[in-house]
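Structure record follows, encoded as structure tokens.
Keep in mind it's a predicted model, so treat the numbers as computed, not measured. Throughout, numbering of the chain's residues begins at 1 and tracks the sequence. FYI, side chains are in, hydrogens and waters are out, and symmetry mates aren't considered; it's all heavy atoms of this structure.
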Amino acid sequence: ITAQTGQGGAVYKDWTNIFYSAAGISSYSDNWSIDFDSLISGSTAYVSIRAYDSAGNSKSLTDAFYIKKDTIAPSIAVLSSPGDGGFVDSSPLVSWSDSSDSMSGIYSYAVYVSTMEDFSVISSSEEVFVSEYQTSLSSKKYWWRVKSKDSAGNYSAFSSTYSFTFDASAPVITNNQ
């Protein structure tokens, strides 16, 4: 297992024999392990395979597959709508800019909506796969925030927190004549 293609760069794990073939066995499969702590976070390691037969003949396959070590969190989402302190008069749709993750890609977003600025009471929370979320709420003030999740399971920090007031009631006109 090496740091670069073509068995180049640092060697993370040298050739390892995992099975000695007895005569007459045409195929073999097995699990093997690697010390993931020895891999560099944010990098790709390339695995080559070498097989021997009973007569001692060998065949190698360079870069048979690769391993990506992704322990890096995705970027933090930037909230866009409704603007902080805004008013919403129909079923609230919150949206944000897409996060980025160069290793494994963005998998989903966790959206939290609360009636408390400290999020001690969660009114709505959902895992979504696009950068918007629509929810049914009652008329009052809410705070919302988002965090991103990449395909390796790493979470970003929370976005900033925005508030909005949902007011679905039409104004009342009183005729005082």
Side-chain angles (χ1 to χ4, degrees), residues 1-80 94-114 116 118-135 143-162:
I1 301 173
T2 58
Q4 297 175 359
T5 59
Q7 297 179 330
V11 175
Y12 294 122
K13 186 170 186 171
D14 208 353
W15 292 103
T16 303
N17 293 324
I18 58 172
F19 178 72
Y20 292 97
S21 174
I25 294 178
S26 61
S27 67
Y28 175 77
S29 66
D30 194 5
N31 294 324
W32 52 273
S33 64
I34 181 166
D35 177 13
F36 280 96
D37 290 337
S38 69
L39 299 178
I40 298 169
S41 182
S43 69
T44 303
Y46 298 88
V47 180
S48 297
I49 299 169
R50 183 181 299 150
Y52 292 92
D53 64 15
S54 306
N57 301 310
S58 68
K59 178 75 174 178
S60 296
L61 177 59
T62 302
D63 305 334
F65 59 94
Y66 60 87
I67 302 167
K68 285 186 173 184
K69 182 175 181 179
D70 182 1
T71 58
I72 300 169
S75 67
I76 298 171
V78 177
L79 306 183
S80 56
V94 297
S95 63
W96 54 93
S97 64
D98 286 331
S99 294
S100 62
D101 183 87
S102 61
M103 282 299 293
S104 60
I106 298 298
Y107 178 74
S108 66
Y109 299 94
V111 184
Y112 297 87
V113 179
S114 176
M116 305 294 291
D118 66 359
F119 289 84
S120 59
V121 175
I122 301 295
S123 302
S124 178
S125 68
E126 192 74 34
E127 179 180 32
V128 298
F129 302 94
V130 294
S131 54
E132 63 182 25
Y133 173 62
Q134 190 157 23
T135 184
W143 287 265
W144 66 287
R145 63 186 180 180
V146 175
K147 64 180 174 178
S148 312
K149 179 181 177 183
D150 69 16
S151 296
N154 301 308
Y155 283 94
S156 71
F158 276 109
S159 66
S160 58
T161 299
Y162 276 14

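- The two residues Gly9 and Gln4 make their nearest non-hydrogen contact at N-OE1, 3.6 Å.
- The CD1 atom of Ile1 sits 10.0 Å away from atom CH2 of Trp15, with the distance rounded to the nearest 0.5 Å.
- Residues satisfying the side chain to side chain donor-acceptor pair (under 3.5 Å) test with Ser120, not counting sequence neighbours, are Asp118.
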Tell me, with the steps shown, if Tyr12 and Asp35 meet side chain to side chain contact (heavy atoms under 4.5 Å, CB included). CA-CA 9 Å; Tyr12 294 122; Asp35 177 13; over 6 Å; no
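- Taking the six-membered ring where the residue is Trp, Phe129 and Tyr107 present perpendicular rings, their angle passing 60° and hence far from 30°.
- Side-chain atoms of Ser148 do not come within 3.5 Å of backbone N or O of Ser156 as any donor-acceptor pair.
- Here Ser60 contributes atom OG and Asp63 contributes atom CG; the two are 11.5 Å apart, rounded to the nearest 0.5 Å.
- At least one side-chain heavy atom of Asp101 sits under 4.5 Å from a side-chain heavy atom of Asp70.
- Nearest approach of Ser48 to Thr62, heavy atoms of both residues: OG-CA, 3.3 Å.
- When atom types are taken as modelled, the side chain of Thr44 and the backbone of Lys68 share no donor-acceptor pair closer than 3.5 angstrom.
- Contact detail for Ile72 and Ser41: the closest heavy-atom pair is CG1-OG, 3.8 Å.
- In this structure the side chain of Phe36 reaches within 4.5 angstrom of the side chain of Ile67, judged on heavy atoms.
- With respect to Ser124, the side-chain hydrogen bond (donor to acceptor under 3.5 Å, both in side chains) criterion is satisfied by exactly one of Tyr133, Tyr112, Trp144: Tyr133.
- Between Trp96 and Tyr109, the two ring planes are perpendicular [angle over 60°; tilted spans 30° to 60°].
- In terms of heavy atoms, Ser159 sits closest to Ile76 at CA-CG2, 3.6 Å.
- Of all the heavy atoms in Ser43 and Met103, the pair that sits closest is O-CE, 3.6 Å.
- In this structure, Ser99 and Ser75 have side chains that are in contact, with non-hydrogen atoms separated by less than 4.5 Å.
- No side-chain heavy atom of Val94 sits less than 4.5 Å from a side-chain heavy atom of Leu79.
- Across every non-hydrogen atom of Ser80 and Ser97, the tightest pair is OG-N, 4.5 Å.
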